[in-house]
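Below is one structure, written out as structure tokens, with a few remarks after it.
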Amino acid sequence: MTPWQPTATITTLRKRAEIIQRIRAFFVERDILEVDTPLLSEASVTDPHVHSISANYAPIGGSAKKLFLQTSPEYAMKRLLAAHSGPIYQICKAFRQDITGRYHQPEFTMLEWYRPGFDHHQLMDEMDALLIAILNTPSAKRITYQNLFEIHCNINPHTCSDLVLQQHVAKNIELATPVTSRNDCLDLLLTHCIEPNMEKDRPIFIYDFPITQAALAKIRSEENPPVASRFEVYFQGVELANGFHELLDASEQRNRFESDLHYRALHHLPEIPLDMLFLAALNAGLPDCAGVALGLDRLILLALNKDFLKEVLSFGA
């Protein structure tokens with residue numbers, strides 16, 4: 001293959017277009033509005049594990065400013081929800097500083113949608129219906145984050161001590177330097193000890209995450225122990241989607257953002273400006289809703305039985 005040629009065959013690109021048409025039909029049938037939001041913003045996500053790509057904008061006759069290519073359309077879509085859009089979805093490009101490999105590209109396509117009046121269990125139902133329609137899968141298995149860790153690691157991820165987590169990581173995973181962060185330990189155990197051993201013949205929904213991994217999800221403090229109303233979706237060992245019963249409290253969300261910024265400062269990561277327009281929308285009133293972001297290129301890879309994302313992209317890295 002010469003450098004100018006596409007990384008996907010034209011036949012594959014036709015099949016990709018057909019899958020996207022079927023996805024749009026799925027949402028049309030459910031009367032969910034397709035929307036389009038900006039890819040450039042003056043702010044970005046504060047999550048220390050998600051790294052934005054910045055862009056220098058120098059308007060003619062104006063002052064230069066730093067903008068960010070969006071890692072997800074989430075904040076802008078929630079502003080639409082706060083403006084009474086009703087249920088919405090979007091298919092768009094997203095950008096992240098990331099490794100380039102089998103399942104990763106710095107530029108990729110995201111499918112994201114929001115359902116006012118849904119909790120995360122109802123959204124899992126709809127996600128399951130989409131996977132059945134596009135991948136022809138059996139109905140998904142559902143398992144709590146706690147049960148998953150008890151089965152594969154024999155630990156309770158909500159109540160075990162940091163020391164137990166660190167010892168479990170040291171025993172089962174070879175690392176150049178020890179890991180001490182609780183969330184880093186949980187993530188390593190999930191990716192190295194659990195994901196490779198999860199069943200692959202049907203999708204798996206993992207739900208009720210630790211509160212330290214709530215991100216933009218509600219915390220159900222009435223549970224014992226409290227859990228985050230969050231889920232992730234896997235199929236054939238591939239992480240496909242991440243969803244929340246969305247946090248509505250602007251003050252709590254700002255506290256989480258500021259905690260992220262504190263972590264970034266301690267670990268010498270780039271400072272990210274807070275998205276004040278998003279926080280203002282939350283303060284004005286986000287409807288009770290659930291939302292999910294799905295890696296569309298990964299979904300298409302699975303649908304077409306390909307091995308690398310670049311095989312389903314016109315020009316992959």
Side-chain angles (χ1 to χ4, degrees), residues 32-57 65-97 108-120 123 209 211-219 228-232 241-265 269-295:
I32 302 175
L33 176 68
E34 183 172 9
V35 298
D36 183 27
T37 58
L39 295 178
L40 280 173
S41 174
E42 294 185 8
S44 188
V45 294
T46 58
D47 186 333
H49 299 100
V50 178
H51 306 294
S52 303
I53 297 176
S54 60
N56 292 319
Y57 172 53
K65 63 173 66 175
K66 183 177 183 179
L67 301 178
F68 297 90
L69 291 166
Q70 291 305 281
T71 61
S72 153
E74 179 170 6
Y75 296 171
M77 291 183 76
K78 286 181 175 176
R79 287 166 62 189
L80 290 176
L81 289 164
H84 312 294
S85 65
I88 53 176
Y89 83 98
Q90 181 167 188
I91 295 173
C92 68
K93 292 296 185 181
F95 305 84
R96 297 183 186 183
Q97 302 276 11
F108 58 98
T109 305
M110 183 86 81
L111 165 62
E112 190 151 337
W113 78 94
Y114 292 86
R115 280 292 218 160
F118 275 30
D119 64 15
H120 57 306
L123 193 56
F209 275 63
I211 59 174
T212 55
Q213 298 184 20
L216 284 84
K218 288 184 176 181
I219 290 175
S229 297
R230 172 183 174 185
F231 68 89
E232 290 187 350
N242 185 25
F244 307 133
H245 190 186
E246 303 292 346
L247 177 66
L248 308 180
D249 187 327
S251 177
E252 170 62 20
Q253 188 63 75
R254 182 172 186 133
N255 288 340
R256 293 185 193 181
F257 285 166
E258 290 176 347
S259 177
D260 287 344
L261 293 181
H262 178 67
Y263 181 99
R264 281 179 170 274
L269 296 172
E271 184 177 354
I272 299 293
L274 296 184
D275 193 324
M276 302 307 295
L277 293 175
F278 166 57
L279 290 173
L282 278 184
N283 195 55
L286 185 69
D288 186 40
C289 63
V292 62
L294 181 148

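Quick caveat: nothing in here was measured; it's all calculated off a predicted structure.
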### Query
Quick one: does Phe257's side chain get under 4.5 Å of Leu279's, heavy atoms only?
yes
### Query
To the nearest 0.5 Å, how far apart are OH in Tyr89 and OH in Tyr114?
15.5 Å
### Message
Distance check, rounded to the nearest 0.5 Å: Glu258 atom CD versus Gln253 atom CD?
### Response
11.0 Å
### Query
Do Pro273 and Phe68 touch side chain to side chain, with heavy atoms closer than 4.5 Å?
yes
### Query
Is the shortest heavy-atom distance from the side chain of Asp36 to the side chain of Cys92 under 4.5 Å?
no
### Summary
The reported gap from CG in Leu248 to CG in Leu216 (rounded to nearest 0.5 angstrom) is 11.0 Å
### Summary
On a heavy-atom basis, the closest approach of Ser52 and Gln97 is O-CG, 3.1 Å
### Task
State, with a plain yes or no, whether a side-chain heavy atom of Leu81 is found less than 4.5 Å away from one of Pro116.
yes
### Query
For the residue pair Phe278 and Tyr75, does the interplanar ring angle fall in the parallel (under 30°), tilted (30 to 60°) or perpendicular (over 60°) class?
parallel
### Task
Hey, could you give me the NE2/CZ distance between His120 and Arg230, rounded to the nearest 0.5 Å?
11.5 Å
#### Entry: Note, Leu261 side chain near Leu274 side chain (heavy atom, < 4.5 Å)
yes
### Task
Taking Glu246 for its side chain and Gly291 for its backbone only, find out whether a donor-acceptor pair lies under 3.5 Å.
yes
### Query
To the nearest 0.5 Å, how far apart are CD in Gln90 and OG1 in Thr37?
3.5 Å
### Exceeds 12 heavy-atom contacts within 6.0 angstrom, atom CD of Glu42
no
### Query
With side chains defined as the heavy atoms from C-beta onward, is the minimum distance between Leu69 and Leu40 less than 4.5 Å?
yes
Expected list for residues 280-289: side-chain donor-acceptor pairs under 3.5 angstrom, two or more places apart:
from   : atom 1 : to     : atom 2 : distance (Å)
Asp288 : OD1    : Lys218 : NZ     : 2.7
Asp288 : OD1    : His245 : NE2    : 2.9

#### Entry: side-chain contact (heavy atoms from CB on, under 4.5 Å) evaluation trace for Arg115 with Ile32
CA-CA 9 Å; Arg115 280 292 218 160; Ile32 302 175; 3.5 Å; yes
### Counterpart residues, side-chain hydrogen bond (donor to acceptor under 3.5 Å, both in side chains), relative to Ser41 (two or more places apart)
none
### Task
Please report the closest heavy-atom contact between Ile211 and Ala228, naming both atoms and the distance.
CG2-N, 4.2 Å
### Message
Show the nearest heavy-atom pair for residues Arg254 and Met276, with the distance to one decimal.
### Response
NH1-CE, 3.1 Å
### Query
Would you say the side chain of Thr109 lies within less than 4.5 Å of the side chain of Lys93, judging by non-hydrogen atoms?
yes
### Task
Among Lys78, Met77, Gln70, find the one that has a side chain to side chain contact (heavy atoms under 4.5 Å, CB included) with Glu74.
Lys78
### Other residues, nucleotides, ligands: >12 heavy atoms within 6.0 Å of His262 NE2
no
### Query
Where is the tightest heavy-atom contact between Arg256 and Ala215, given as atom of each residue plus distance?
NH1-O, 2.7 Å
### Query
Is the closest side-chain heavy-atom distance between Leu39 and Phe95 below 4.5 Å?
yes
### Closest non-hydrogen atom pair between Phe244 and Ala217, with its separation
CD2-CB, 3.6 Å
### Summary
To the nearest 0.5 Å, atom OG1 of Thr71 lies from atom CZ of Phe108 at 7.0 Å
### Task
For residues Met110 and Pro73, report the shortest heavy-atom separation together with the two atoms involved.
CG-CD, 4.2 Å
